[in-house]
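Everything on this sheet refers to the single structure shown next.
Hydrogens, waters and symmetry mates are skipped; everything else that's a heavy atom, side chains included, is used. Just so you know, these numbers come straight off a predicted model, no measurement behind them. Letters A, B, ... are given to chains in the order of the sequence lines, protein chains preceding strands, and every chain is numbered from 1.
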Amino acid sequence: MGLQRKDLLTIAALTADEIQLILTTAESLKEVGGRDIKKVPALRGKTVVNLFFEPSTRTRTSFELAAKRLSADVINFSPSTSSMVKGETLVDTARNIEAMQADIIVLRHSSPGAAENLARSVRSSVINAGDGWHEHPTQALLDVFTIKEKKGRVAGLLVVIVGDIAHSRVAHSNILALTKLGAEVRVVAPPTMIPLALEHFGVTVFYHLDEALIGADVIIMLRLQRERLGKALLPSIREYANLYCLTPERLKLAKADAIVMHPGPLNRGVEIAPSVADSAAAVILDQVTNGVSVRMALMYLLSGSGERSTLNE
Amino acid sequence: MARALTRISHEILERNKGIEGVALVGIRTGGVFLAKRLAARIQQIEKRDVPLGELDITLYRDDLSIRKDQPEIRKTTIPFHISDLKIVLVDDVLFTGRTIRAALDGLMDLGRPAEIQLAVLVDRGHRQLPIRANYVGKSIPTAREENVQVFFEELGQDDRVCIVTP
């Protein structure tokens with residue numbers, strides 16, 4: 001039992017069975033979040049370090065809550081207050097953290113592969129909380145958890161992912177997780193936002209939102225990353241909103257019981273109409289709630305066998 | 001097994017003077033089957049349903065950081081507030097008492113019961129903690145290295161208790 005791995009770096013490396021184990025464990029742990037006393041002693045005495053080199057409130061808070069609900073101690077490191085500004089490398093920073101007996105390091109970094117690099121250098125478990133445009137595995141896990149919770153299954157569902165696929169680690173991890181679990185995945189975006197050779201991932205590419213939405217069970221809206229607009233991917237935000245905003249009219253093209261997801265933060269009126277974001281179809285806040293359960297499950301599973309996680313050996 | 005459970009049902013009713021304010025909580029997995037059977041018997045006797053919960057103690061184990069194999073977490077489902085209730089904790093085998101210690105901690109995190117009582121099908125001795133059952137199906141003297149296994153109809157087996165000598 002348990003995940004036979006030290007780290008969680010990518011969805012690409014996980015088998016469907018491993019994903020299912022994480023989902024089942026998260027399902028059992030969800031109950032803890034509903035209690036008056038939201039704490040269990042499973043990771044008592046373990047130390048979790050949040051090492052975030054990119055701004056994040058949602059993900060960092062979610063990891064922190066997850067660790068605290070399992071009774072682990074949590075330290076938050078951010079680059080502005082750390083020695084990184086003095087020129088220390090990522091690996092040296094992490095080795096120092098490890099020397100303080102950290103059991104789990106949660107890393108967000110702007111460079112693809114940063115988590116993997118770190119995992120090879122330290123004995124602590126490393127959880128990738130987003131590495132550049134590469135992967136954001138815990139977001140994908142909480143998304144498939146939410147889909148399974150709302151729809152009872154993932155296999156056989158039609159999932160449409162809308163937005164900047166090329167620059168979205170959320171999209172990459174989700175495509176991998178959804179296809180591994182047997183969902184049918186469509187992606188839709190302007191051609192400048194679709195990477196080359198995406199068909200090899202087993203997804204169907206659309207350029208028109210209306211066509212892609214027909215018959216959808218799940219719609220995942222990605223955030224339009226305004227910080228990247230200088231790169232001439234789009235004529236204007238208004239044009240994008242006209243063509244790719246999920247409006248109530250467009251939502252009607254999907255199945256009547258379709259759910260709408262978004263990893264946050266929302267650009268209301270850009271990729272999603274406020275009335276859709278606030279509708280009964282939207283499960284955006286359920287995603288946030290489930291994120292804590294999924295991250296608890298991961299921390300529990302990675303803390304795994306006592307032998308491996310004991311750093312003094 | 002059936003006769004032991006019937007007797008325990010009567011003892012629970014006798015001790016608590018009926019079923020008012022009493023709830024059963026089974027410890028996964030064997031304890032849940034037994035709690036369900038006790039609830040069914042109590043329903044027959046009293047013509048009233050007794051609240052029934054299922055407790056998974058994995059997160060409260062004292063050996064999580066030393067075991068080689070990691071135990072699977074299953075669901076805790078207690079669909080009522082346990083505060084001020086008389087909780088009868090149900091398990092199949094009482095051995096070292098460590099499971100019960102974990103279950104007591106788990107229950108206390110969910111509220112403040114008026115009282116916690118313990119019902120077990122088999123008490124095999126060898127306690128490592130000061131824990132004692134209020135209701136015992138059968139006390140079976142065993143050697144420390146022997147293994148007591150309980151089989152359940154619910155799992156497609158014949159109901160029986162076996163002592164396995166290694």
Side-chain angles (χ1 to χ4, degrees), chain A residues 1-6 17-18 20-47 66-73 101 103-104 125 149 293-313, chain B residues 23-32 35 51-85 87 89 96-114 116 129 131:
Chain A
M1 253 309 121
L3 277 183
Q4 302 302 319
R5 7 179 116 247
K6 176 172 90 74
D17 283 345
E18 287 176 306
Q20 293 290 5
L21 171 66
I22 296 167
L23 299 184
T24 317
T25 307
E27 209 180 317
S28 300
L29 284 167
K30 190 168 178 180
E31 166 264 333
V32 175
R35 297 181 183 179
D36 291 341
I37 303 171
K38 299 175 186 57
K39 210 174 185 69
V40 291
L43 293 193
R44 208 170 41 166
K46 304 261 184 199
T47 307
K68 287 184 168 167
R69 287 193 181 159
L70 291 172
S71 300
D73 296 306
Q101 312 294 326
D103 298 282
I104 299 178
S125 290
E149 182 183 71
S293 310
V294 165
R295 289 170 179 126
M296 285 170 76
L298 271 176
M299 288 183 190
Y300 172 77
L301 291 168
L302 288 179
S303 75
S305 73
E307 293 215 322
R308 203 212 50 226
S309 59
T310 305
L311 291 169
N312 297 328
E313 283 174 355
Chain B
L24 300 181
V25 173
I27 299 175
R28 283 196 183 272
T29 308
V32 171
L52 185 61
E54 304 178 3
L55 183 69
D56 182 67
I57 57 121
T58 310
L59 295 163
Y60 293 87
R61 297 183 69 105
D62 58 9
D63 56 359
L64 271 183
S65 58
I66 50 174
R67 279 171 68 111
K68 282 186 190 165
D69 56 322
Q70 188 178 37
E72 186 183 347
I73 302 176
R74 286 162 300 180
K75 267 189 195 152
T76 288
T77 316
I78 299 187
F80 47 87
H81 281 291
I82 65 165
S83 291
D84 303 324
L85 290 182
I87 303 290
L89 204 52
T96 60
R98 288 179 191 268
T99 301
I100 305 302
R101 194 284 307 164
L104 291 173
D105 279 358
L107 273 180
M108 293 299 189
D109 272 3
L110 296 172
R112 187 177 184 279
I116 299 177
L129 296 172
I131 281 170

Apply the test side chain to side chain contact (heavy atoms under 4.5 Å, CB included) to residues Val25(B) and Glu54(B): give CA-CA distance (whole Å), side-chain angles for both, the deciding distance (0.1 Å), then the verdict.
CA-CA 6 Å; Val25(B) 173; Glu54(B) 304 178 3; over 6 Å; no
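Rounding to the nearest 0.5 angstrom, the gap separating the OG1 atom in Thr25(A) from the CD atom in Gln70(B) is 8.0 Å. Here CG of Leu107(B) is found 8.0 Å from CD1 of Ile27(B). Values are rounded to the nearest 0.5 Å. For the atom pair CG of Leu23(A) and OG of Ser28(A), the computed distance is 11.0 Å after rounding to the nearest 0.5 Å.
Of the residues considered (Asp36(A), Leu43(A), Leu29(A)), Leu29(A) shows the highest number of contacts with chain B, using heavy-atom pairs under 4.5 Å.
The closest donor-acceptor contact from the side chain of Asp103(A) to the backbone of Thr47(A) lies under 3.5 Å.
For residues 73-83 of chain B, heavy-atom neighbours of chain A at less than 4.5 Å comprise Ile73(B), Arg74(B), Lys75(B), Thr76(B), sorted by residue number.
In this structure the side chain of Thr58(B) never reaches within 4.5 angstrom of the side chain of Glu72(B), judged on heavy atoms.
The contact between Lys39(A) and chain B is made entirely by backbone atoms, counting heavy-atom distances below 4.5 Å.
Ion pairing between Arg98(B) and Asp62(B) holds under the 4.0 Å rule for side-chain N and carboxylate O.
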